[in-house]
Structure formats: structure tokens, C-alpha cells
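Atoms within a ligand are numbered from 1 in the order they appear, just like the ligands themselves. This one's a predicted model, so the numbers in the text were calculated from it and none came from an experiment.
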Amino acid sequence: MKELHPITKAIRLQTEQTAQKEHSTPLFLTSSFTYDSAEEMADAFSDDETAANIYSRFSNPTVDEFIAKIAALENAETGIATATGMAAVFGTFMTFLKAGDHIISASAVFGSTHTILTKYLPKWGIEYSYFDMDKPETIEALIKPNTKMLYVETPSNPGLNIIDIELLSGVCKPRNILLVVDNCFATPAVQQPINFGADLVVHSATKFIDGQGRVLGGVVVGNKTLIKELYLFIRNTGPSLSAFNAWVLTKSLETLHLRMDKHADNALQLATKLEGNSKINNVKYPFLKTHPQYYIAKKQMSNGGGIVTFEIRSGLEGGRNFLNALQLLSMTNNLGDSRSIASHPASTTHSKLSEAERNAVGISPGLIRISVGLEYIDDIVDDILQALEVS
Ligand SMILES: Cc1ncc(COP(=O)(O)O)c(C=O)c1O
């Protein structure tokens, strides 16, 4: 058979059929695996890269199926799955950075990633520098002889900043700096950073990859040499993905492209309808022409994804009033669900930051993030418009 398209692989890659002749993928909910002889068992332990399953902290067929599908979608050689997105981010930092190294990161990154960069890495002798995602020309001046990694989210959470991955790769490759991209907001259905020169791609699979707000998970993909190092870190330190969560996630991948198309279609319609609304400023969506990096989004994303942001003119109080007035949208901090979700970062996820820190990462007092779900679009728009009236 000719090489299958990644969309087909996301639906069809499956663990080898068992004697039960199952059609849908089975769940290998087992902590460990058995051997036919003492010699076979000894062999399995003699080689860190053995193909044999030993223990589900090391590998598991259901987890491997999920990894194979994500790697196919991301155009990566291979990958490793983790218990959460943060375990994927932290594992990547711990595997490829050591005391004395330096990492450059966009300042607009997810809150817990910001905490690792600013509170934990310095404790272990790893320095960090932040750059403004809207000013990629400032990166080169931050590079030092000990710079080992450049880290970005594109689009970023929650500000939807976008950066040209190919341009970053041009900065990193000649200097042997690892380029790591958090592709959580776009998903591999919309953007494949490796095609633009990223070395490693990390995900919170908890978001659109699950797509229905059920399980936590993470994954990192890249070339075999890098992933082997990461695999040994995860295998020995323990933040492995559970087989049950992998089973949920691998089933979800069968509908990822379909869902992302609908999320993006609904999101673009919502963003377009919100433009010009007198209660808000600055509607932001990657595929709106008014997005500051619209042309970069068009270059590296196949649609604008499922997140829309806007700023309520009446600030912090207006943001709270807006959330309280919603009748359909869920008030929760997750995103990437079939159900539309509204969140107000200044009074919730980022409330512990000072106003100056919030401004530095693009979170104004009235910023609202909508994770646009799969409901009928008029119902989503109507609920947001009526809540804006009382904001
Ligand atoms: C961009 C991004 N990266 C990483 C994470 C962390 O993922 P998890 O919650 O699965 O640990 C999140 C979670 O919101 C995120 O939005």
C-alpha cells in the first residue's frame, strides 16, 4: 500500500490486532508485562532501547499507539508521552538543560511554564532571558555562549501572539540552539512546527487533542536521538502517560481534523461578529486581518484555531460582570473542549501576577479568552453578545 496521509494514520494506526479480532483499539490497562523465559526477561532488561514492553512507566502499547499517531501528524520521527502538558515541558527542560546553561523564552508563555522558568530553573543554576514575541529581532542580542534552548508557544496562551517558526529556526540552527515549540493552541491538525525547522514540539494533550475535557496528558515529538534522551528521563523519573488516558487520547485523534476545522470555523465567525462591538476593544484571532501577525499565521497555520480573545472596555469589573452574565458558555479555566468556555485571566489564572507583570505578557484587566466550542454558532454568539451588554 502507498504511504498513507497523516489524517488517515490518525484514524487507522493501531496496536497489532489481538486474538479477539477487535475493531476499535483495545486498552492495555496493565502495569507490567510477562516473559516466556528467564533469558527473555534478562534480554529485555539488558537494553534501554528494547522494543519489548517491560513496565508501563517505560512503555505501553496503548501509549505507543497515541505517540505514533501524534508523530505522524507532526511529521516527526518519534515521540514520548507524559502525564500532563507540564510534565512534557518540564521533562524537556530537565533533559536538555543543565546547571550553567541559558534558555531564551518568549515572555508570553503559559503561567506554569513561566513559573518553571523564573522560579525553578534559576534554583538549579539555569539562567533564563525573556523576549517580547512581537519583537523577534531582539532575540539575537540575548544569545550567549551557554544558550542551549529557545522556547516559544505559538499562538501563545492567552495573548494569541504568533511568531515565525522558520525565522526562529534560522537563528537557532547555526548556533546549535534547540528550538522547542509548544503547539498546544494550534494542534498538529493546524500547524506542524517541525516543517518550519523546530527541533522538538510539546503539547498539552489535555486541550484540543482530548477535545472533550476528560483527561490530562502531554506529548513531545522530535528526532530519534533527542527523543531517546527524553524517553530515559521520563522512564526513570516517572511522569509517564497512563494507558487509560492514552486510550482516550488516541480515540480522540480519529476526529482531531474534523473538530479543529469546526472549532476554527466557529471561532472565525465569532471573531468577525465581535469586531466593532462598542463594549470591547481589540478582538484578536489569528485569521482576522487585524491580527498583528496575520501574515505569519497564514504562512504556518492552515486555519486560525479555536481561541478568540477580546478586551472588555470596562476592565476588571466588566470582565467579572461578563462572566457572571453568561448563560450557555462554561466558566472554567480549561480550553479546547467541544463546549465553549470563557475565562478572565486577570481575575483567575494570572491574578497572582502584579499588574505590570500581567501587562508585560499582554494580559489587560478586561481580557477575555473564549475557547470556541462545537455548539451551533448562533447560540455561542448570542450568549456572548447578551453578556457583553451587561459588562
Ligand atoms: C500552552 C499550554 N502549554 C502547556 C499547558 C499545560 O498543560 P497541562 O495542563 O496538561 O499540564 C497548558 C495548559 O493550559 C497550555 O495552555
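Within the structure, the closest approach of Asp182 to ligand 1 falls below 4.0 Å when heavy atoms are considered.
Counting the atoms of ligand 1 from 1 in the order shown, those under 4.0 Å from a heavy atom of Gly85 are 7 (O), 8 (P), 10 (O), 11 (O). Close approach of ligand 1 to Glu153 is summarised as follows: ligand atoms under 4.0 Å from at least one heavy atom of the residue are 1 (C).
Ring geometry, Phe58 versus Tyr55: the interplanar angle exceeds 60°, so the pair is classed perpendicular (tilted spans 30 to 60°).
The closest protein non-hydrogen atom to atom 16 (O) of ligand 1 is Asn157 ND2, 2.8 Å. In this structure, the protein non-hydrogen atom closest to atom 10 (O) of ligand 1 is Thr206 OG1, 2.6 Å.
Ile234 contributes atom CD1, which lies 11.5 Å from atom CE of Met94 (distance to the nearest 0.5 angstrom).
Annotation for Ala346 and Ile363: closest pair N-CG2, 4.0 Å, computed over non-hydrogen atoms.
Between Leu335 and ligand 1, a contact under 3.5 Å exists for no N or O pair. For the pair Lys207 and ligand 1, the shortest N or O to N or O distance falls below 3.5 Å.
Both the backbone and the side chain of Met86 come within 4.0 Å of ligand 1, counting heavy atoms alone.
The six-membered or imidazole ring of Tyr130 lies near that of Tyr128, with a centre-to-centre distance under 6.0 Å. Taking the ring centroids of Phe310 and Phe322, they lie under the 6.0 Å cut-off.
Contact annotation: the side chain of Val190 approaches that of Thr187 to within less than 4.5 Å [non-hydrogen atoms, C-beta and beyond].
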